[in-house]
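Please read the structure below before turning to the comments.
Atoms considered below: every heavy atom in the structure, side chains included; atoms not considered: hydrogens, waters and symmetry mates. Only a predicted model underlies this, so the values are computations on that prediction, with no experimental measurement involved.
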Protein chains: 2
Amino acid sequence: MLNSHQPARATIVDVARAAGVSRQTVSNAINSPERVSPDTLARVLKVVDELNYRPSSAARTLRHQRAGAVGTELNAVTDIPSDVALPFLTALTLSAPRHACHMVPFASREAFPMLDGYQDMVRRRLVDAFVLTDTHPADPRPDWLEQAGIPYASFGRIYDDSSRVWWADVDGSAGTRTAVAHLAESGFRAVGFLGWPAGSAVGDDRRLGWLDGVERHDVVLGPEAAAPQSLTEAITAAEVLLDGLAIGDAVVCASDVLALGVQQAALARGWKPGRDLGITGFDGSATAHLHGITSLVQPLDDIAEHLLTIVHDQLAGAPAPTQGTLFLPTLTVGASTVTTSTKGTP
Amino acid sequence: MLNSHQPARATIVDVARAAGVSRQTVSNAINSPERVSPDTLARVLKVVDELNYRPSSAARTLRHQRAGAVGTELNAVTDIPSDVALPFLTALTLSAPRHACHMVPFASREAFPMLDGYQDMVRRRLVDAFVLTDTHPADPRPDWLEQAGIPYASFGRIYDDSSRVWWADVDGSAGTRTAVAHLAESGFRAVGFLGWPAGSAVGDDRRLGWLDGVERHDVVLGPEAAAPQSLTEAITAAEVLLDGLAIGDAVVCASDVLALGVQQAALARGWKPGRDLGITGFDGSATAHLHGITSLVQPLDDIAEHLLTIVHDQLAGAPAPTQGTLFLPTLTVGASTVTTSTKGTP
DNA sequence: GGACACATTATGAACGTTCAAATGAACGAT
DNA sequence: ATCGTTCATTTGAACGTTCATAATGTGTCC
């Protein structure tokens, strides 16, 4: 008996009846208040409040032929989720109400038929648009979505084709340049680099920022090494890298996991991160936070807001921008670049 | 011109016309195929396929007075997200289609007015039910939802009131008991415990499993210590704990972060995790995976499936269960409990 | 005072679907 | 031959909203 029936929910006609006006006047009071006289507006809104009325999103969707929802795929294929996936989804979810929509996540364990989930959501008209993540070269999704006329926005460059403009990304080289500047200010001498194997666009970009930063600031060019996104391999690579560095030097890393590898390798040879060796990571992930590693935090809130603006504009038929947008990461300082320890060397 | 208009989407009447039948027959062909003759069924389904028809979820929602969606709140208040939040949401998202629904996340930066998001989604009829996470004692949500007649299911016990039955959780004591058994089999001698400060129901439960396991298996009771969910504090506590242990002993931890603290403390004194000291964590988080720590993986897929079944049953008016459900975590072995290293001691 | 502009409110229709009830056809049983 | 029965299919209505349009009132100008 407890959960037999939800309390009868008020509809627009209930409000209209109670306020002594017509459906349409209630609709106007909510959607275009300027079209209704001040006193009736007040009366209607009072009733709306009393009855706790909110327009049914389903009815609106049916009428407007617009779901008011944006789909986004959760990566359920790899076991280890990206460190930024949840914060990014949270940022999208927080931004969505500002764009009068909500997010609808979907996922699939199949690696191959990537488009199925997208097709299904479109056909059922559950979403109007998509936010893509983890776009890679030869990604079929942008192509398919454009041909189907479905708006989308990608977190991450679309490498396929430079004519694609519906994306926002983090300015990697600006980030590592900032990291070098910070290390220079903190008094570190030589600055090395631990990146990913060459060929990754994101990684190459971050490496360039390091090179550029070293040139611009008062630090010595240190050695560089590369490792895949794995802690053990990062440690191995870091050990070699540290052989070419001395106490008082620093390492800029292309990711937080790589930075963690450097930190572990440093600790293994008795170097205290921060005091003896500067280390910076990239992404501002929970991993960096947990281990006190200075990192470059991605402005996920801004990016999410921008991406939803993009799809909103597309739905409204606004003209396309001429290019994608880069956002600057911000440096958060952790123990790994703080030289003045309580028992530290001057 | 590119994205001027999406291709005209087929509706049920389009299919009906093309197949030479009525709306309702198409509807039946999709929803109750047994009610339509075999040959017309085939004909209709063929047209459905050709036109790529899928019922509009908005129209269905309006007709059925059911959103076919389940809301779940993303924690946007604390900076550091839970390690299991994303895998759990992914599991829910994967399970949802099996229950003919989809997930709708929502979030708020406000810590205080927790119910606002829930109220809003219900009033707009965007969701039929909720999946709760991070339920805590004196949590207002279960009470409010039950009074409002809104189905819900909680991942995590509802401590308030034992009459609450709409939850599923991980069997913590069974987990740590399994961990002790594994350590005993692996030949570790004494087994200590690093937990959270007493008073947390989850933590106390996991501690009991350790005690119980030590009693049942051929290991010596080691010392115990406590630390909050912070790496630096975990390391500090672990240092004290290790003073009471010797090479060949082990530590069971209430969480992966605590286990990481033990691992770091062990490395700091030159003990190799696995070979010299067994370490187990809890949750099977990305942290544990990254650092090669043996952990107890929560069966998130099963839990998600169960929770959606619960809300589905509530919506269908099925009788309530008599109690919540516990799920057993499974042990994944990492380097932190592997004694036979390539260059190891026999 | 009548025509006109304007502001405000009201009415019919439609979005796409499914339920409830009606229609028609086939088939035995009486 | 007629009457139920059953099965396959169709029709009318409704879910709640907003668009397009119509109706109403209110004042202004000549």
* C:dT9 OP1/OP2 closer than 4.0 Å to side-chain N/O of A:Ser37 -> yes
* **Touch class at under 4.0 angstrom, heavy-atom based, for B:Arg54 against every strand present** => sugar-phosphate
* Residues B:Arg164, B:Asp143: salt bridge by 4.0 Å N-O rule -> yes
Can you name the atoms? Protein N/O to nucleotides 22-27 of chain D N/O, anything below 3.5 Å, with the distance.
none

* Please name the residue in the list A:Leu92, A:Thr93, A:Leu86 that meets the side-chain contact (heavy atoms from CB on, under 4.5 Å) test with A:Thr90. => A:Leu86
* Asked: Would A:Arg60 and A:Ser57 count as having a side-chain donor-acceptor pair, cut-off 3.5 Å?
  -> no
* Is it true that B:Asp120 and B:Arg123 make a salt bridge, defined as a side-chain N closer than 4.0 Å to a carboxylate O? -> no
* Validation row: B:Phe155, B:Leu307 side chains within 4.5 angstrom (heavy atoms) -> yes
* Asked: How many Å lie between CG on A:Leu62 and P on D:dT18, as a whole number?
  -> 12 Å
* When you check the side-chain N and O atoms of B:Asp139 and B:Thr135, is any donor under 3.5 Å from an acceptor? -> no
* Asked: Which ones in residues 39-47 of chain B lie close to DNA chain D, meaning a heavy atom under 4.0 Å from one of its atoms?
  -> B:Thr40
* To do: Report yes if the distance between the aromatic ring centroids of A:His306 and A:Phe327 is under 6.0 Å, otherwise no.
  => yes
* Asked: Take atom CZ in B:Arg54; do more than 12 heavy atoms of anything else shown fall under 6.0 Å from it?
  -> yes
* **Which nucleotide in D:dC19, D:dT17, C:dT17 has an atom nearest any side-chain atom of B:Pro55** => C:dT17
* Hey, is the side chain of A:Ser56 poking within less than 4.0 Å of OP1 or OP2 on D:dC15, counting only N and O atoms? -> no
* Answer yes if the side chains of A:Gln314 and A:Tyr152 hold a donor-acceptor pair under 3.5 Å, and no otherwise. => no
* Asked: After noting the C-alpha distance and the side-chain angles of B:Arg109 and A:Asp301, does the key distance pass the salt bridge (Lys or Arg N to Asp or Glu O under 4.0 Å) rule?
  -> CA-CA 12 Å; B:Arg109 282 265 151 77; A:Asp301 291 331; 3.7 Å; yes
* Between B:Arg43 and B:Asp39, is the closest basic N to carboxylate O distance under 4.0 Å? -> no
Check the interface with nucleotides 10-14 of chain D: list each N/O to N/O pair with the protein under 3.5 Å, or write none.
from   : atom 1 : to      : atom 2 : distance (Å)
D:dT10 : OP2    : B:Ser22 : N      : 2.8
D:dT10 : OP2    : B:Ser22 : OG     : 2.9
D:dT10 : OP2    : B:Thr25 : OG1    : 2.6
D:dG12 : N7     : B:Arg23 : NH2    : 3.1
D:dG12 : O6     : B:Arg23 : NH2    : 2.7
D:dA13 : N6     : B:Arg23 : NH2    : 3.3

